[in-house]
Amino acid sequence: MLILGIETSCDETAASVVKNGIDILSNVISSSLKYHRKFGGVVPEIATRHHVENIDNVINCSLHDAGIDIRDIDALAVTDGPGLMGSLLTGISCAKAMSYCLNKPLIAVDHLKAHIYSAIMVKDGPKFPFIGLVISGGHTRLYLVEDFDKFKLLGDTVDDAVGEAYDKVAKILGLGYPGGPVIDALAKKGNMDAIRFTCKAVNNSLDFSFSGIKTAVLYYVSKQKPCPSSMGTPRNQKADIAASFQESALKVIVENSIKAIEKYNIKSFVVGGGVSANSRLRKMMQREAMYRGFKVYFPPFDLCSDNASMVAGLAYRLYKKGKRASLEITANI
Ligand code: KG4
Ligand code: ZN
């Protein structure tokens, strides 16, 4: 079964053709990232305009790359949330129009669940139940996943998402946007024990909070002498700050994940979202998995950030469970 997936929840306009939930025939992504850089974050209006201007081309390219005609598609899948209202509506309107004109079923897919699915688009995926972790620019969530359509929320961030904390710390250090990849790389050259930035689970629960650590980094940087401005912080000191921040932020993610895995006596742990590309987190989680005897699944690097393959892939599983979306659907921001 061939599903055309469409993803426009944030700043990536993406379309993908996936066969039977796992075989990616095409994966086309047009990002508006470069237009947001000078603002230090995603500007919703710019993102929406980029989607409107590019979605036709992106879909045509994905059909072309897959070597199929639009009439060969068996169903349409689209991200219906969470995300930016204008961005989501562009993809949803396009998918609805195609579903109507082609008379093919439409499946609505949750962006966060699709991120988790991106790590298990393989033949021998984990057995249910497993613990799923979404770590992205907008979310930090732990789920107990009992089936492709049964996600129980166990933990969430009470303020900033972890990716957002990376982006803000990078901004404080004058490292540009997005901050995750550059902090990941810089931290390798720094001493993670140099500075104590605390980051703890909220009230011993499975919830997270990352705004405190971001503020701690801001205070630390502004107190530095002789150059109080972030731009003036020497490079080796920035590396120590990056490494110390990262270690503390990731430690709480690993600790809460282990708590969830042990609480539910789970054998598999699945991670998705932009921050799942982080090299230090992958090492930390793999070490825990070996030591504690569970299996950990990370997405391939090209599926860590926003893409439509994860949407088309999860849609296949939902389709098999009888899920269909009506032409009345709208964005769930
Ligand atoms: O999933 P994603 O592409 O978009 C959202 O749905 O939010 O995630 C983007 C986030 C950004 O905050 C970015 O800084 C972060 O993922 N990110 C990373 C890395 N690569 C991207 N964070 C830490 N380490 C990385 N290597
Ligand atoms: Zn995402």
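What you see is a predicted model; the values in this text were computed from it and never measured. In listed order, ligands and their atoms are each counted from 1.
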Arg280/Asp184 under salt bridge (Lys or Arg N to Asp or Glu O under 4.0 Å): CA gap, chis, key distance, verdict: CA-CA 7 Å; Arg280 178 71 189 141; Asp184 187 355; over 6 Å; no

Looking only at protein heavy atoms, identify the closest one to [atom] and say how far it is in Å.
atom: atom 26 (N) of ligand 1; value: Asp184 OD2, 3.0 Å
atom: atom 24 (N) of ligand 1; value: Asn278 ND2, 3.0 Å
atom: atom 18 (C) of ligand 1; value: Gly180 CA, 3.4 Å
atom: atom 20 (N) of ligand 1; value: Gly274 O, 3.4 Å
atom: atom 15 (C) of ligand 1; value: Val275 CG2, 3.9 Å
atom: atom 7 (O) of ligand 1; value: Gly137 N, 2.8 Å

NZ/NE/NH1/NH2 to OD/OE distance under 4.0 Å, Lys168 and Glu164: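 Salt bridge between Lys168 and Glu164, a charged N being under 4.0 Å from a carboxylate O: yes.
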
Check this for me, if you would: do Asp240 and Lys189 make a salt bridge, where the nitrogen-to-carboxylate-oxygen distance has to be below 4.0 angstrom?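 Here Asp240 does not pair with Lys189 in a salt bridge, since their nearest N and O are not under 4.0 Å apart.
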
Looking only at distances, can you tell me whether any N or O atom of Pro178, backbone or side chain, sits closer than 3.5 Å to an N or O atom of ligand 1? no

Test of proximity, Gly273 against ligand 1: N or O pairs below 3.5 Å: no

Contacts satisfying side chain to side chain donor-acceptor pair (under 3.5 Å) that involve residues 261-273 (not counting sequence neighbours) are Glu262-Arg292

Side chain to side chain donor-acceptor pair (under 3.5 Å): pairs with one or both residues in residues 104-122, sequence neighbours excluded: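 Qualifying pairs: Glu7-His111, Ser9-His111, His111-His115, His111-Asp306, His115-Asp306, Tyr117-Arg317.
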
With a cut-off of 4.0 Å, which atoms of ligand 1 are near a heavy atom of Gly138? 7 (O)

Within a distance under 4.0 Å of any heavy atom of Gly179, pick out the atoms of ligand 1 and give their elements. 14 (O)

Hey, do the aromatic rings of Phe148 and Phe128 have their centres closer than 6.0 Å? yes

Determine whether the aromatic ring centres of Phe197 and Tyr220 lie less than 6.0 Å apart. yes

Does only the side chain of Asp167 get under 4.0 Å from ligand 1, or the backbone, or both, or neither? Count heavy atoms. side chain

Has [X] got any heavy atom lying under 4.0 angstrom from an atom of ligand 1?
X: His111; value: yes
X: Pro181; value: yes
X: His115; value: yes

How about CG on Asp69, more than 12 heavy atoms from neighbouring residues, nucleotides or ligands closer than 6.0 Å, or not?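 Above 12, so yes.
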
Just wondering, more than 12 heavy atoms not from Met1 lying within 6.0 Å of its CE?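 Count over threshold, so yes.
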
Would you say that Phe298 contacts Met285 through its side chain, given a criterion of any heavy-atom pair below 4.5 Å between the two side chains? yes

Which residues satisfy the side chain to side chain donor-acceptor pair (under 3.5 Å) test with Asn332, sequence neighbours excluded?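 With neighbours one apart ignored, the set is Asp80.
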
Take Asp159 and Ser209, measure what side chain to side chain donor-acceptor pair (under 3.5 Å) needs, and give me the verdict at the end. CA-CA 6 Å; Asp159 40 53; Ser209 165; 2.7 Å; yes

Trace of the side chain to side chain donor-acceptor pair (under 3.5 Å) decision for Arg37 with Tyr35: CA-CA 6 Å; Arg37 273 212 174 98; Tyr35 304 112; over 6 Å; no

Under 2.8 Å from the Zn ion (ligand 2), protein N/O/S atom count? 3

